[in-house]
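Numbered from 1 within each chain, the chains take letters A, B, ... in sequence-line order.
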Amino acid sequence: MEMITRFAPSPTGFLHIGGARTALFNWLLARHYGGKFLLRIEDTDRERSTPEAVDAIFSGLKWLGIDWDEEPVFQSSRLDRHVELAKKLVAERKAYHCYCSAEELSSMRQEAKSRGKSPRYDRRWRDRDPADAPAGIQPVIRLKVPLEGTTILQDVVQGTVDVANDQLDDMILVRSDGTPTFMLSVVADDHDMGVTHVIRGDDHLTNTFRHIQIYNAFNWNVPQYGHIPLIHGADGAKLSKRHGALGIEAYRDMGYLPEAVCNCLLRLGWSHGDDEIIPQDQAIQWFTTDNLGKSASQLDFAKLLNLNGYYMREADDQRLLEELLPLVGNVSDEIRQRLLRGMNGLKQRSKTLLELRDLSYIYINPPPDSKLDLDSRVVWGIIIQVLEFEENWSEENLEKELRTAAAENGFTFARVAQVLRSVLSDRKITPSVFDMLVSFGKNESLQRMRAAFR
RNA sequence: GUCCCCAUCGUCUAGAGGCCCAGGACGUCGCCCUUUCACGGCGACAACGCGAGUUCGAAUCUCGCUGGGGACGCCA
């Protein structure tokens, strides 16, 4: 049987790091087994769902290199189907109408709580005669959950977990306004979409028992679940939009490469021995549910940065140039060429695209002159002029040009070297230029330059 | 409060009874390479939450405790 996985976010905000990881795992699983990865937008909470959030999810996934099969399903388009299914359960006496008001329910919960019990619905309408229905009240539809026994979940991550049925509520399937709830919709959609495997955050673990009850009521096959631990913030609490959870696009804006973010996410809760650097194609080969961890983790920015540095160094120069150009605005063709030539040196010193941008500054603009005296600024200007105007920067003529320019302006080459050194040791943005300079000279012209530097 | 889950270096993790007085990676700190920065190389520091069992032997199994997290909505 073909494996079908899915990612089913609700579009109430950006795609955050936890969601991205969930998507990644489901995607990897499907790709590993040659199955399908589907996307479903759970937009039934019309209050909070926005089209912007839908776009953010699509673009976030695309950026990460996660593609999906078939058209995304919008849950809101399937409401009729869900309600119809609920009505069928009512007809089969597996579900029933409940006429409790919101106030009634909350006082019920209050009371249960004060007696140290779970705040739950007391099932007062479960077996009541529908003829008792009060007039003018729109009922909800509730599922009849078995009063006894246990519900057992075979989770691919958590192992066997069971819960006593009396812990489960007779949950609401259809609201009094006639719309289906999340509980019903997920189950119905997963079933209709043919989903065979669901990897999701373990905040859904307890919901799963309810989902299983719904599957049972319909006599449907329950998919394989894998509940992965949540990613925690630095304070150890669940990552939420309230504290520091960033949208995936924030990582892009900080200059991270998608492959680095993916690699980092992958290693959060999944491992393959001692392997750390795992490009996407390798991940597809290796990823199975077997190596998923059971304990919560935190995202380590230092590690992300390190990983990003690695992928920066590995990245193709031309590609980096294309990533860089939007960050530096309009530059001439000449500068573009110059950047490309310098890219190899530049990228080795950049852990993010933002750092690459900062390092590139000197290729695009004259250097700032804050730390130099007037004389030195002039010399530095000469150096920059040479860099600006010398087309090929070949090893022979670089030094020659520097000498000539220095002489023309009444400076010795030693003075040029001195300024060069002082600027370089002083300025974070300059080492790449220095590297560029010395990289030309593997021969005697470098030797002479060296001598001048000492 | 009730139910559920989790627990190895600061962080991410390896480890499925002897291979572990616990390995890798990031970070930190040294040293080396280098005319600078970075890269790279070498090394150091650093963890099995606690307590009982089971066993010849436990990071690995069991129980308890503690700690952390999650769920208990006509939200998803």
Select base, sugar-phosphate, or nothing to describe what T44(A) touches, counting heavy atoms under 4.0 Å on all strands.
sugar-phosphate

Between U11(B), G27(B), C4(B), which nucleotide has the shortest distance from any of its atoms to the side chain of A302(A)?
G27(B)

Rounded to whole Å, the CD1-P distance (I278(A) to C12(B)) equals 16 Å

For G73(B), the nucleotide meeting Watson-Crick or G-U wobble distances (both under 3.5 Å) is none

Interatomic distance, H82(A) NE2 vs A76(B) C1' [rounded to whole Å]
13 Å

Roughly how many Å is it from CG in N291(A) to P in C12(B), rounded to a whole number?
18 Å

Describe the nucleic acid contact of S176(A) in one word from base, sugar-phosphate, nothing, applying a heavy-atom distance below 4.0 Å.
base

Could you work out the separation of A7(B) and U13(B) based on their P atoms and round it to a whole Å?
11 Å

Would you say the side chains of T352(A) and N308(A) form a donor-acceptor pair under 3.5 Å?
no

Among G70(B), G24(B), U2(B), which nucleotide sits nearest the side chain of D274(A)?
G24(B)

Students often mix this up, so state it plainly: with edges at 30° and 60°, are the rings of W220(A) and H191(A) parallel, tilted or perpendicular?
parallel

I'd like to know if the side chain of S10(A) reaches the main chain of T12(A), judged simply by a donor and an acceptor atom lying under 3.5 Å from each other, with no hydrogens or angles considered.
no

Any strand is fair game: report the nucleotide pairing with G10(B) by Watson-Crick or G-U wobble, both distances under 3.5 Å, or none.
C26(B)

Please work out which of the three classes, parallel, tilted or perpendicular, describes the rings of H97(A) and Y99(A), given edges at 30° and 60°.
tilted

Strand partner of C20(B), provided both Watson-Crick or wobble distances fall under 3.5 Å:
none

Do any side-chain nitrogens or oxygens of T181(A) fall under 4.0 Å of OP1 or OP2 in G73(B)?
no

Write down the distance between CZ (F301(A)) and P (U11(B)), rounded to a whole number of angstrom.
16 Å

Closest to the V161(A) side chain: C4(B), U13(B), U11(B)?
C4(B)

The side chain of V163(A) is closest to which nucleotide in this list: C4(B), C6(B), G24(B)?
C4(B)

Would you say R210(A) reaches A71(B)'s phosphate, i.e. side-chain N/O to OP1/OP2 under 4.0 Å?
no

If you check every side-chain atom of D203(A), which of G70(B), C26(B), A76(B) has the closest atom?
G70(B)

Could you work out the separation of G18(B) and G57(B) based on their P atoms and round it to a whole Å?
14 Å

Can you tell me if N306(A) touches the phosphate of G27(B), counting only side-chain N or O atoms and a distance under 4.0 Å to OP1 or OP2?
yes

For a quick check of understanding: with a heavy-atom distance under 4.0 Å over all strands, which category does H227(A) fall into, base, sugar-phosphate or nothing?
nothing

Indicate, with a heavy-atom threshold strictly under 4.0 Å, whether E276(A) touches base, sugar-phosphate, or nothing.
base

Taking the same atom, P, in C56(B) and in G64(B), what whole-Å distance lies between them?
24 Å

Can you label the angle between the F25(A) ring and the F287(A) ring as parallel, tilted or perpendicular, going by 30° and 60°?
tilted

Strictly by modelled atom types, are N263(A) and Y310(A) linked by a side-chain donor-acceptor pair under 3.5 Å?
no

From CE of M183(A) across to C1' of A76(B) the rounded distance in Å is 9 Å

Parallel, tilted or perpendicular, judged at 30° and 60°: which one describes the rings of W286(A) and H272(A)?
parallel

Of the listed nucleotides (C26(B), A76(B), A7(B)), which one gets closest to any side-chain atom of S295(A)?
A7(B)

Separation of atom CG in N263(A) from atom P in U13(B), rounded to whole Å:
13 Å

Would you indicate what N207(A) reaches in the nucleic acid, counting non-hydrogen atoms under 4.0 angstrom: base, sugar-phosphate, or nothing?
base

Say whether Q213(A) and T151(A), considering side chains only, have a donor N or O and an acceptor N or O under 3.5 Å apart.
yes

Gap between atoms NZ and P, on K347(A) and G40(B) respectively (whole Å)
14 Å

Give one of base, sugar-phosphate or nothing for G269(A), where a contact means two heavy atoms less than 4.0 Å apart.
sugar-phosphate

What contact category does V140(A) fall into here, base, sugar-phosphate, or nothing, at under 4.0 angstrom with non-hydrogen atoms?
base

Complementary nucleotide of G64(B), counting Watson-Crick and G-U pairs under 3.5 Å
C50(B)

Interatomic distance at C1', G67(B) relative to U8(B), whole Å
15 Å

Should C39(B) form a Watson-Crick or G-U wobble pair with both distances under 3.5 Å, which nucleotide is its partner?
none

Scan every strand shown for a Watson-Crick or G-U wobble partner of G57(B), both distances under 3.5 Å, and answer none if you come up empty.
none

Phosphate oxygens OP1/OP2 of A25(B): is one of them under 4.0 Å from a side-chain N or O of K303(A)?
no

Report the distance from atom CZ of R48(A) to atom P of G73(B), rounded to the nearest whole Å.
15 Å

Side chains of N26(A) and H197(A), donor plus acceptor under 3.5 Å
no

Expressed in whole Å, how much space separates the P atoms belonging to G43(B) and G24(B)?
10 Å

Using the P atom as the reference point in each nucleotide, state the distance between A71(B) and U62(B) in Å, no decimals.
27 Å

Checking contacts here: which listed nucleotide (A76(B), A38(B), C39(B)) is nearest the side-chain heavy atoms of R349(A)?
A38(B)

Could you measure between the two P atoms, the one in G51(B) and the one in C45(B), and give it in whole Å?
25 Å

Can you identify which nucleotide, out of C12(B), C6(B), A76(B), has its nearest atom closest to the K294(A) side chain?
C6(B)

For K351(A) and for R267(A), find the nucleotide of RNA chain B with the closest heavy atom, then tell me which residue's nucleotide is more 5'.
R267(A)

When Q158(A) and Y310(A) are each assigned the nearest nucleotide of RNA chain B, the 5'-most assignment goes to Q158(A)

Nearest to the side chain of L205(A), heavy atoms from C-beta on, is which of C3(B), A14(B), C5(B)?
C5(B)

Picking from A76(B), A14(B), A71(B), which would you name as closest to the side chain of H204(A)?
A76(B)

Looking only at atom C1', what distance separates A46(B) and U11(B), rounded to whole Å?
12 Å

C72(B), OP1 or OP2 - any side-chain N/O from T206(A) closer than 4.0 Å?
no

